[in-house]
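Heads up, the thing below is written out as structure tokens.
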Protein chains: 2
Amino acid sequence: MLPESLITAGGDEMAMDVIRLEDSKVVILDQTLLPTEVRYIECTEVEAIAEAIESLRIRGAPALGVAGAFALAMVALKNPKAPREALLQRLREARERIARTRPTAVNLSWAMDRVLRKAEAAGTAEAVVKEALWIYEENKEADRRMGEHGLQVIDDGDVVLTHCNAGALATAGYGSALGVIKASWKAGKGIKVVAGETRPLLQGARLSAFELVYEGIPVTVITDSTAAFAMKRLGIKKVVVGADRIAANGDTANKIGTYSVAISARAHGIPFYVAAPTSTIDPRIGSGEEIPIEFRKKEELVFFAGKRIVPDGAEVFNPAFDVTPAEYIAGIITEKGILRPPYRESIGALFP
Amino acid sequence: MLPESLITAGGDEMAMDVIRLEDSKVVILDQTLLPTEVRYIECTEVEAIAEAIESLRIRGAPALGVAGAFALAMVALKNPKAPREALLQRLREARERIARTRPTAVNLSWAMDRVLRKAEAAGTAEAVVKEALWIYEENKEADRRMGEHGLQVIDDGDVVLTHCNAGALATAGYGSALGVIKASWKAGKGIKVVAGETRPLLQGARLSAFELVYEGIPVTVITDSTAAFAMKRLGIKKVVVGADRIAANGDTANKIGTYSVAISARAHGIPFYVAAPTSTIDPRIGSGEEIPIEFRKKEELVFFAGKRIVPDGAEVFNPAFDVTPAEYIAGIITEKGILRPPYRESIGALFP
């Protein structure tokens, strides 16, 4: 019902696709196995996509938006001739299940709500699939533009610190924070990257380092708590990270540890930038205090690669995200340009 | 040649000894296997003790001091009737080998130099063993006194953050930072502890949590980069950490990540304390810039429990320690009392 070229949409920036819509399947790169193994899982049920999101086989706010949209597209492709109300019912059920997976990244519900609005307006499976693919294409375009805007703040010779993975693997495109880094590199700026390993799930070590090595950009991995000492001893000049949700005042939820990095950056006079598409901004939320923070299971800290590292009897505090107050953020690099403080005004101008 | 009770000196604070001098063997608890396995290694050669230190089977500045002293005592016990010059020669060779293991902790060379001075003065194996055992006993006494002084800065109901392990396992006694926490707990203060897991070798998760669970003190383990968010959300009131070397101006080398914690503590108005015996102060060193920092092998970050987590082609920056400038330190808790800024004066008064 749609041209093959549209249905099999693949990322063109990495050698491997992060997520693909194939016929009535959603094919997802299992990022938990990187960097040692490249394996895809084929999802034919909403529950399988939900599990992939909950297990972080796919992660990163923009990529989660695409995953949510593709989940709805899969439902539509499996029900090409369903009557309008039956289709909407199935889409809403899928939306509800997927939205329960991870509460912090706003892109997930943002993307599914966009698809649902189209479905409600058009009432056809085709409209659902088209909107999902359009979100995917927009995502990639937003990444390219973030890269273009962001390279203005990166100077030749900079050592740039990043945390977690806000790369192609996180956006299903080119990357937000890593997009800025890649664009700067491609523009001929001789930069070096320092990547925090990002405990507990090591997205910095496993995924950001993997992407940067792939691009040929020099990267040095550190434990997360080395960030402050690295600022002093490795001559870090800029910090660029992604975001999972940005409040109307600029407060930014991102991977746990980002707030520590922001505080250390300020103590060393290093500008701290957030790179995120405007779909990550949640103008309904006034400040970071209101952003729901996902807590993940104790086992993520208690065990590593099957080995127990925390003794029985100890508690664990394992938030997936923290909130960096806007006052620590020098600029928010979006596809529409770099937002500067005061953010209530610069963000307000985007969401009148 | 020495009474059995002196030769088999065991820690009386933990159920398990960290290090023991037994006949002419040094018996070391292999801390790399904790918390899942309690196994001792018996060292009969200097090289075996050096390997145990290099592999962090025994670690922590004060415990390393005892290990160095016991290594020399072992040499003496194996050569009970050696003539003076032959004995001194063997002791100096042992000192040289052991001193090469780890450059940052000053207690190691401090303790061995003390034993050597005794050996040079008395010229007998017995004097060497006595001095080593004396250092061990002094260490335990210093821990008790640090606990007594330190409990003054801990209030009932405090949530106390610590990093790495500055406990009984690190001192072969009662603990420095954890000694302060244990003394406060035993004095009836209803405290809770938050322990950073301490990547890459997880001494916080594996060792500090283990000791605290053993004592029945509530402990919550976090990833290191969660420290700043935990300060905001878990109501942390104090930070207490150990030290590996303290310069004459109060700048303090301690486990990598301590500096990040100190910066975050200041940003949240939380007092940051160092607990360390005066043997950790190196008055010959003017500031933290001069403290030699040990860099450890890349594999500590690249692999975990045999699983590769950093891709080939990425560099690694893996300092074992960082330096926290004195300006971040509210007080240094020693066995002689709490040193307060300006440290050049308070430390200077101890080393006239």
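Keep in mind that what you see is a predicted model, and the values were worked out from it rather than measured.
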Side-chain donor or acceptor of B:Ser260 paired with backbone N/O of A:Ser225 under 3.5 Å
yes
Which portion of B:Val213 sits near chain A, non-hydrogen atoms under 4.5 angstrom
side chain
Quick one: which of A:Asp312, A:Thr36, A:Leu301 has the most heavy-atom pairs under 4.5 Å with chain B, could you say?
A:Leu301
Does CD belonging to B:Glu54 count more than 12 external heavy atoms closer than 6.0 Å?
yes
Distance col, row A:Phe229:CZ vs B:Thr258:OG1, nearest 0.5 angstrom, shows 10.5 Å
Here the gap from B:Lys192 atom NZ to A:Glu315 atom CD, rounded to the nearest 0.5 Å, amounts to 9.5 Å
Considering only heavy atoms and a distance below 4.5 Å, find which of A:Ala262, A:Ala267, A:Gly257 pairs most often with chain B.
A:Gly257
Measure from the side-chain N and O atoms of B:Thr223 to the backbone N and O of A:Pro200, and report whether any donor-acceptor pair falls under 3.5 Å.
no
Contact part of B:Lys232 toward chain A, heavy-atom cut-off under 4.5 Å: side chain, backbone, both or neither?
side chain
Which portion of A:Ile222 sits near chain B, non-hydrogen atoms under 4.5 angstrom:
both
Does any part of the side chain of B:Arg233, heavy atoms only, come nearer than 4.5 Å to the side chain of A:Ile293, both counted from C-beta?
yes
Residues, nucleotides or ligands: over 12 heavy atoms within 6.0 Å of A:Lys237 NZ:
no
Honestly, the part of B:Ile256 sitting under 4.5 Å from a heavy atom of chain A is both
What one should report as the nearest heavy-atom pair of B:Ala205 and A:Pro311 is O-CD, 3.1 Å
Are side-chain heavy atoms of A:Phe317 and B:Val194 found at a separation under 4.5 Å?
no
Side-chain contact test, heavy atoms from C-beta onward, threshold under 4.5 Å: evaluate it for B:Thr226 versus A:Tyr259 and give yes or no.
no
Under 4.5 Å heavy-atom distance to chain B, tell me which part of A:Pro35 shows up: side chain, backbone, both or neither.
side chain
Is it the backbone or the side chain of B:Ala195 that comes under 4.5 Å from a heavy atom of chain A, or both, or neither?
neither
Where on A:Lys255 is there a heavy atom nearer than 4.5 Å to chain B: the side chain, the backbone, both, or neither?
neither
Please state whether the side chain, the backbone, both or neither of A:Pro218 comes within less than 4.5 Å of a heavy atom of chain B.
neither
First locate atom CG of B:Asp224, then atom CZ of A:Arg199, and finally report the distance between them rounded to the nearest 0.5 Å.
8.5 Å
Side chain to side chain, A:Ile263 and B:His268, heavy atoms closer than 4.5 Å
yes
Which atoms of B:Asn318 come close to chain A, meaning under 4.5 Å heavy atom to heavy atom: side chain ones, backbone ones, both, or neither?
neither
Determine whether more than 12 heavy atoms belonging to other residues, nucleotides or ligands lie under 6.0 Å from atom CD of A:Glu289.
no
With rounding to the nearest 0.5 Å, note down the distance linking CZ in A:Arg206 to CZ in B:Arg308.
13.5 Å
Which atoms of B:Phe303 approach chain A - backbone, side chain, both or neither, heavy atom under 4.5 Å:
neither
I'd like to know which of B:Val302, B:Val310, B:Leu234 tops the heavy-atom pair count under 4.5 Å against chain A.
B:Leu234
Does the side chain of B:Phe304 reach to within under 4.5 Å of the side chain of A:Ile309, using non-hydrogen atoms?
yes
